[in-house]
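Pasting a structure below so you can have a look.
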Amino acid sequence: MPITPTYKCVLLDIEGTTTPISFVHDRLFSYVKNNLVNFLNENWNSLELQEQIQLLREQAMKDVNNNLSDVILVPEVQQQGKKTNEEEIKKAIIQNIQWQMKINRKIGAFKSFQGFMWESGYESGELKGEIFDDVLDALKKWKESGIKIYIYSSGSISAQKSLFKNSDKGDLTEYIDGYFDTSIGSKIEKSSYVNIAKEIQLEPRDILFLSDNVKEIISAKSVCYQAAIIERKNNMPLSDDDRKNNIIFTDFLQIFSYLFL
């Protein structure tokens, strides 16, 4: 399906699309890995942290019930009438997070915990969201044209907002009309794109989806989205079939030129 000038909304992936994959893996993931112990110690009495830990605890129980292997359970504060040692709980949390990072899990509780930690990093200035140079100009053009702009990422909504608010291009949240994470569905499931279209009250054909992930593009196109692959440096290589069956751009500004050839 070709891209037409009639689209009313753009839906943007983050990793490999608006933001280098290297930033996500080398900066964001490393921040969690390197700061987890200190973060737990410094924030242990925070209600927000305890809420995040409870989400991890509940997810681990679901994983056990679903027969997922290598699950690390997070002990309750009180078990069988006895208070669990604080250090024992922290050790389990660290092992749980490390396990989920190792398998690059995209489950809500884990992504929420990551986002909670990243928010602290953005606030302290240790993290600064990295955005490709062409993205800001494209956001401005879309906004000036009355095109709605939404984000859809496996990262939590709070993590998405933190990245765009604290980016190396300034606060970009003024350009963004809304955010979606996997609470609306997996990014490779067709139903997720149907749900998003319903949520923003547009027909799928009026939405342009941009992502580096071919499976996501296929799912979106299967429910009549307009869609294109964004091919950035260090993204996963595209096959000959990928190139044959999809529209491909190496930056966002090529979209505007493509429409008026």
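Note that the structure is predicted; figures quoted are calculated from it, not measured.
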Exercise for review: Give a yes or no on whether a salt bridge exists between Arg243 and Glu231, defined as a side-chain N under 4.0 angstrom from a carboxylate O.
Suggested key: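 Here Arg243 pairs with Glu231 in a salt bridge, since their nearest N and O are under 4.0 Å apart.
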
Check your understanding: Given the rule in the salt bridge (Lys or Arg N to Asp or Glu O under 4.0 Å) test, do Lys143 and Asp177 qualify, once you have shown the distances and angles that lead to the verdict?
Key -> CA-CA 10 Å; Lys143 208 66 177 175; Asp177 294 284; 3.1 Å; yes

Review point. Is there side-chain contact between Met236 and Asn213, with heavy atoms separated by less than 4.5 Å?
Key: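 They are not in side-chain contact.
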
Exercise for review: Mark yes when over 12 heavy atoms from residues, nucleotides or ligands other than Asn34 sit less than 6.0 Å from its CG; otherwise mark no.
Suggested key: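 Counting neighbours around CG of Asn34, more than 12 heavy atoms of other residues, nucleotides or ligands fall under 6.0 Å, so yes.
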
Practice item. State, with a plain yes or no, whether a side-chain heavy atom of Gln95 is found less than 4.5 Å away from one of Trp99. Key: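 SC-SC contact between Gln95 and Trp99 ruled out.
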
Review point. Between the main-chain N or O of Ser158 and the side-chain N or O of Ser162, is there a donor-acceptor pair closer than 3.5 Å?
Key: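 Looks like yes, one N/O pair under 3.5 Å.
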
Review point. Considering residues, nucleotides and ligands other than Lys91, do more than 12 of their heavy atoms fall under 6.0 Å from its NZ?
Key: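 Not more than 12 within 6.0 Å, no.
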
Practice item. Report yes or no: does Asp206 contribute a side-chain atom to a donor-acceptor pair with the main-chain N or O of Lys8 at less than 3.5 Å? Key: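 Such a contact is absent between Asp206 side chain and Lys8 backbone.
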
Review point. Quick one: does Tyr122's side chain get under 4.5 Å of Lys165's, heavy atoms only?
Key: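 They are not in contact (no side-chain heavy atoms under 4.5 Å apart), so the answer is no.
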
Exercise for review: Report the distance from atom CG of Asn166 to atom CH2 of Trp118, rounding to the nearest 0.5 Å.
Suggested key: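 So the CG of Asn166 and the CH2 of Trp118 are separated by 13.5 Å.
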
Point to revise | Rounded distance [0.5 Å steps], CD in Gln114 versus CD1 in Ile97 | key: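 The distance works out to 7.0 Å.
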
Practice item. Treating Ile, Leu, Val, Met, Phe, Trp and Tyr as nodes and any side-chain heavy-atom pair under 4.5 angstrom as an edge, say whether Ile188 and Val223 lie in one connected cluster. Key: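 Per the 4.5 Å side-chain linkage, Ile188 and Val223 are not co-clustered.
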
Practice item. Start with the C-alpha gap between Thr173 and Asp171, add the side-chain angles, then the distance that decides, and say whether side chain to side chain donor-acceptor pair (under 3.5 Å) holds. Key: CA-CA 6 Å; Thr173 56; Asp171 184 351; 2.6 Å; yes

Check your understanding: Quick one: does Thr19's side chain have a donor or acceptor within less than 3.5 Å of a partner on Glu130's backbone?
Key ->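 Flag set: sc Thr19 to bb Glu130 pair under 3.5 Å.
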
Check your understanding: Got a donor-acceptor contact below 3.5 angstrom from the Asn85 side chain to the Glu88 backbone?
Key ->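 Flag set: sc Asn85 to bb Glu88 pair under 3.5 Å.
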
Exercise for review: Report yes or no: does Asp181 contribute a side-chain atom to a donor-acceptor pair with the main-chain N or O of Ser153 at less than 3.5 Å?
Suggested key: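 Flag not set: sc Asp181 to bb Ser153 has no pair under 3.5 Å.
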
Check your understanding: Would you find more than 12 non-hydrogen atoms of other residues, nucleotides or ligands less than 6.0 Å from Lys106 atom NZ?
Key ->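 Enclosed: over 12 neighbouring heavy atoms sit under 6.0 Å from NZ of Lys106.
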
Check your understanding: Transitively linked via ILVMFWY side-chain contacts under 4.5 Å: Leu12 with Ile176?
Key ->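 In one cluster with Leu12: Ile176, yes.
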
Review point. Taking side chain as C-beta onward, heavy atoms only, is Lys111 less than 4.5 Å from Ser154?
Key: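 A side-chain contact under 4.5 Å exists here.
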
Check your understanding: Are Val10 and Tyr258 in one and the same hydrophobic cluster, where Ile, Leu, Val, Met, Phe, Trp and Tyr link if side-chain heavy atoms are under 4.5 Å apart?
Key ->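 Yes; tracing contacts between hydrophobic side chains, which count when under 4.5 Å, links both residues.
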
Practice item. Go through the structure and list residues passing side chain to side chain contact (heavy atoms under 4.5 Å, CB included) with Asp13, not counting sequence neighbours. Key: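 So Asp13 forms a side chain to side chain contact (heavy atoms under 4.5 Å, CB included) with Thr17, Lys187, Ser211, Asp212, Glu216.
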
Point to revise | Polar side-chain atom of Asp137 near backbone of Lys140 as donor-acceptor pair, under 3.5 Å | key: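 No.
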
Point to revise | Residue pairs involving residues 175-213 (criterion ring-ring contact (aromatic ring centres under 6.0 Å, His included); sequence neighbours excluded) | key: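 Pairs touching residues 175-213 that pass the test: Tyr150-Phe180, Tyr152-Tyr193, Tyr193-Phe209, Tyr193-Tyr225.
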
Practice item. Enter the distance from Glu15:CD to Leu163:CG here, rounded to the nearest 0.5 Å. Key: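 So the gap between those two atoms works out to 11.0 Å.
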
Review point. If only atom types and distance count, is the side chain of Ser156 paired as donor or acceptor with the main-chain N or O of Ser112 below 3.5 Å?
Key: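 Side chain of Ser156 to backbone of Ser112: no pair is present.
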
Point to revise | Hydrophobic cluster partners of Ile21 (side-chain heavy atoms under 4.5 Å) | key: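 Other cluster members: none.
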
**Study point:** For Ile53, side chain to side chain contact (heavy atoms under 4.5 Å, CB included) partners two or more places apart
**Key:**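 With neighbours one apart ignored, the set is Trp44, Leu49, Gln50, Arg57, Val74, Ile93.
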
Exercise for review: Take Ile218 and Lys221 through the side chain to side chain contact (heavy atoms under 4.5 Å, CB included) test and state the conclusion after the steps.
Suggested key: CA-CA 5 Å; Ile218 290 171; Lys221 287 167 68 174; 5.9 Å; no

Review point. Using a distance-only test with no angle check, is there a side-chain donor-acceptor pair under 3.5 angstrom linking Ser192 and Asn195?
Key: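 No, because no side-chain N or O of Ser192 sits under 3.5 Å from a partner of the opposite role on Asn195.
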
Point to revise | Student check: side-chain heavy atoms of Met117 and Phe113 closer than 4.5 Å | key: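 Yes, at least one pair of side-chain atoms sits under 4.5 Å.
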
Point to revise | From CD1 (Ile248) to CG (Asn245), nearest 0.5 Å | key: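 Going from the CD1 atom of Ile248 to the CG atom of Asn245 covers 9.5 Å.
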
Practice item. Give a yes or no on whether the backbone of Phe252 and the side-chain of Asp134 come within a donor-acceptor separation of less than 3.5 Å. Key: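 At least one qualifying donor-acceptor pair exists.
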
Point to revise | Audit row: Leu11, Ile200, side chain to side chain contact (heavy atoms under 4.5 Å, CB included) steps and yes/no | key: CA-CA 11 Å; Leu11 181 66; Ile200 60 181; over 6 Å; no

Point to revise | Residue Gln201 excluded, over 12 heavy atoms near CD under 6.0 Å | key: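 Count not over threshold, so no.
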
Check your understanding: What about Ile89 and Ile72, same hydrophobic cluster or not, with Ile/Leu/Val/Met/Phe/Trp/Tyr joined at side-chain heavy-atom distances under 4.5 Å?
Key ->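 They do not share one cluster, since no chain of ILVMFWY contacts under 4.5 Å joins Ile89 to Ile72.
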
Review point. Cluster question for you: counting only ILVMFWY and a side-chain heavy-atom cut-off of under 4.5 Å, with indirect links fine, are Ile151 and Ile147 together?
Key: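 Yes: a chain of side-chain contacts under 4.5 Å links Ile151 to Ile147.
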
Contacts under 3.5 angstrom, residues 59-66 side chains, donor-acceptor by atom type, not counting sequence neighbours:
residue, atom, partner, partner atom, Å
Gln59, NE2, Asp63, OD1, 2.9
Asp63, OD1, Arg105, NH2, 2.8
Asp63, OD2, Arg105, NH1, 2.8
Asp63, OD2, Arg105, NH2, 3.3
Asn65, ND2, Met61, O, 3.3
Asn66, ND2, Lys62, O, 3.2

Review point. Is there a donor-acceptor pair closer than 3.5 Å between any side-chain N or O of Ser30 and the backbone N or O of Asp26?
Key: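 Between the backbone of Asp26 and the side chain of Ser30 there is a qualifying donor-acceptor contact (under 3.5 Å).
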
Only pairs under 3.5 Å count here: list side-chain donor-acceptor contacts from residues 35-42, not counting sequence neighbours, and write none if there are none.
residue, atom, partner, partner atom, Å
Asn35, ND2, Tyr31, O, 2.8
Asn41, OD1, Lys90, NZ, 2.8
Asn41, ND2, Val37, O, 3.3

**Study point:** For Leu202 against Cys9, the heavy-atom pair lying closest together
**Key:**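 Answer, listing the atom of Leu202 first, then Cys9: CD1-CB, 3.4 Å.
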
Exercise for review: Would you please test Ile14 and Phe164 for side chain to side chain contact (heavy atoms under 4.5 Å, CB included) and show each step?
Suggested key: CA-CA 10 Å; Ile14 293 180; Phe164 287 104; 3.7 Å; yes

Review point. How many angstroms lie between atom CD1 of Ile230 and atom CG of Leu210, to the nearest 0.5 angstrom?
Key: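 Rounded to the nearest 0.5 Å, the CD1-CG separation comes to 4.5 Å.
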
Practice item. Count the heavy atoms belonging to other residues, nucleotides or ligands that lie under 6.0 Å from NZ of Lys148, then report whether that count exceeds 12. Key: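 No.
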
Check your understanding: Is the shortest heavy-atom distance from the side chain of Asn246 to the side chain of Ile217 under 4.5 Å?
Key ->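 Side-chain contact under 4.5 Å: yes.
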
Practice item. List the steps and the verdict of side chain to side chain contact (heavy atoms under 4.5 Å, CB included) for Ile131 and Leu136. Key: CA-CA 8 Å; Ile131 304 292; Leu136 177 55; 5.9 Å; no

**Study point:** From NZ (Lys33) to CD (Gln98), nearest 0.5 Å
**Key:**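 Here the rounded value is 8.0 Å.
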
Point to revise | Donor-acceptor pair, side chain of Gln226 and main chain of Arg205, under 3.5 angstrom | key: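 Present.
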
Practice item. Over all heavy atoms of both residues, which pair between Gly129 and Phe23 is shortest? Give the atoms and the distance, please. Key: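 Smallest interatomic distance, heavy atoms only, reads CA-CZ, 3.7 Å.
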
**Study point:** Pairwise side-chain contact, Leu139 with Leu172, heavy-atom cut-off 4.5 Å (strictly under)
**Key:**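 Yes, close enough: below the 4.5 Å cut-off.
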
Check your understanding: Is the closest side-chain heavy-atom distance between Asp133 and Lys169 below 4.5 Å?
Key ->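 The answer is yes; the side chains approach within 4.5 Å.
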
